[in-house]
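The chains referred to below are lettered A, B, ... by the order of the sequence lines, with proteins before strands, and numbering in each begins at 1.
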Number of protein chains: 2
Amino acid sequence: MAEHQHTHDTKPLTKNQRLVLERLEKTDGPLSAYSILDELRDQGFRAPLQVYRALEKLVDVGLVHRLESLNAFVACRHPSCQNHQSIAFAICEQCGSVKEFSEARIAEDLTSWAAETGFMLKKTTIELRGLCKDCVAKA
Amino acid sequence: MAEHQHTHDTKPLTKNQRLVLERLEKTDGPLSAYSILDELRDQGFRAPLQVYRALEKLVDVGLVHRLESLNAFVACRHPSCQNHQSIAFAICEQCGSVKEFSEARIAEDLTSWAAETGFMLKKTTIELRGLCKDCVAKA
DNA sequence: GCAATAGACGTAATAGTATAACATTAACAA
DNA sequence: TTGTTAATGTTATACTATTACGTCTATTGC
């Protein structure tokens, strides 16, 4: 399924992929596939599959990340994301903001755990839930 | 069958909670809420909410974990799980097995990231996808 | 040029996951 | 008993995702 080879990916985005990506990039936070669909009806989107197909490609090439714990998607905010094996997300339960980060030590720890265990690691999902700095300050 | 001991869990499980937990404990792998429902129809289960309500409580007290990337649930295999802030799961994409583990260093890394960032961490989701040792050997 | 092919797209239908809303029953204290 | 709370039962619905199939278009090979 998902090959993380977007360094070699030169093919341009299709129209639908571009529309979905632009919608995500304009939004400061995660969007569900169906809310993307609703926001793209004016551009001719009619069915979920148009969104899901675009998302699949965008996630493949690393321009979009899927947040498993939210069933939602965010545009990648990381300049040239391809070197980070282990991307993590901090999701604020108050304001919904999502902060993407990448810690080398965490990636190393998971890699060494996999090596010790004999697990062939393909992909990691790391999602933190809590309150962002701003929302902590307000509380 | 061993009794689980949770520090903050004094109330005994209700009938539905016990049935759902037993079903998960008998199964070597994750189950979706709806497959639990199907398997408990003989015990009188009729509607998804009976399963979801039981699962919510079981997850709360730590007897069951939710796998976000699978929309599925597993019984906790960890003796006295309450001390592990950062539980992680390695999911085999070939055979579906799930290995639960807990690495102190990862928890420390995430905690220190949160401290530096001002993020008030409530819960972490760490899910690894790949091939387990056995499936790598077979390939 | 012109099939043949492959990929993106459109559309309808359906499968799978989760919760809202409300009625009923059980447990139990005043 | 009666009032209260928690758990349960039930129906309906919302939300998320995929299957199946048909069309269109761009490219490839002849």
Separation of C:dC9 C1' from A:Leu55 CG (nearest whole Å): 15 Å
d(CG, B:Leu19; P, D:dA7) in whole Å: 16 Å
Aromatic ring proximity, centroids under 6.0 angstrom, B:His65 and B:Phe73: no
Which nucleotide in D:dT10, C:dA18, D:dT16 has an atom nearest any side-chain atom of B:Leu49: D:dT10
Contact under 4.0 Å: A:Arg53 side-chain N or O vs D:dT19 OP1/OP2: no
Residue mapping more 5' on DNA chain D - nearest nucleotide basis, B:Arg46 or A:Ala33: B:Arg46
Length of the CD-C1' vector between B:Glu68 and C:dT17, whole Å: 13 Å
Side-chain donor-acceptor contact under 3.5 Å, A:Arg129 with B:Thr125: no
Closest listed nucleotide, where the reference is the side chain of A:Gln17 and the choices are C:dA18, C:dC9, C:dT11: C:dC9
Phosphate contact (C:dG10 OP1 or OP2) by A:Asn16 side-chain N/O below 4.0 Å: yes
Nearest-Å distance for atom pair CG/P, residues A:Leu40 and C:dG10: 12 Å
Given DNA chain D, 5'-ward residue of the pair B:Gly44 and B:Pro48, judged by closest heavy atom: B:Gly44
Distance test, side-chain N/O of B:Gln50 to OP1/OP2 of D:dG9, below 4.0 Å: yes
Nearest-angstrom distance from the residue atom CZ of B:Arg18 to C1' of D:dA7: 14 Å
Polar contact flag, side-chain donor to acceptor under 3.5 angstrom, A:Thr27-A:Arg23: yes
Below 4.0 Å: OP1/OP2 of D:dA17 and any side-chain N or O of A:Arg66: yes
No-H, no-angle donor-acceptor pair, A:Tyr34 side chain to D:dA17 base, under 3.5 Å: yes
Residue pair A:Ala33 / A:Val51: nearest heavy atoms and the distance that separates them: O-CG1, 3.5 Å
Whole-Å gap separating C1' (C:dT17) and CG (B:Leu70): 13 Å
Contact under 4.0 Å: A:Asn71 side-chain N or O vs D:dA17 OP1/OP2: yes
Value in whole Å for how far the C1' atom of D:dC15 lies from CD1 of A:Ile36: 14 Å
Rounded distance in Å - CD (B:Gln43) to P (D:dG9): 12 Å
Phosphate-side-chain proximity, A:Thr14 and C:dA8, N/O vs OP1/OP2 below 4.0 Å: no
Test log, rule side chain to side chain contact (heavy atoms under 4.5 Å, CB included), inputs B:Leu31 and B:Val74: CA-CA 7 Å; B:Leu31 290 176; B:Val74 285; over 6 Å; no
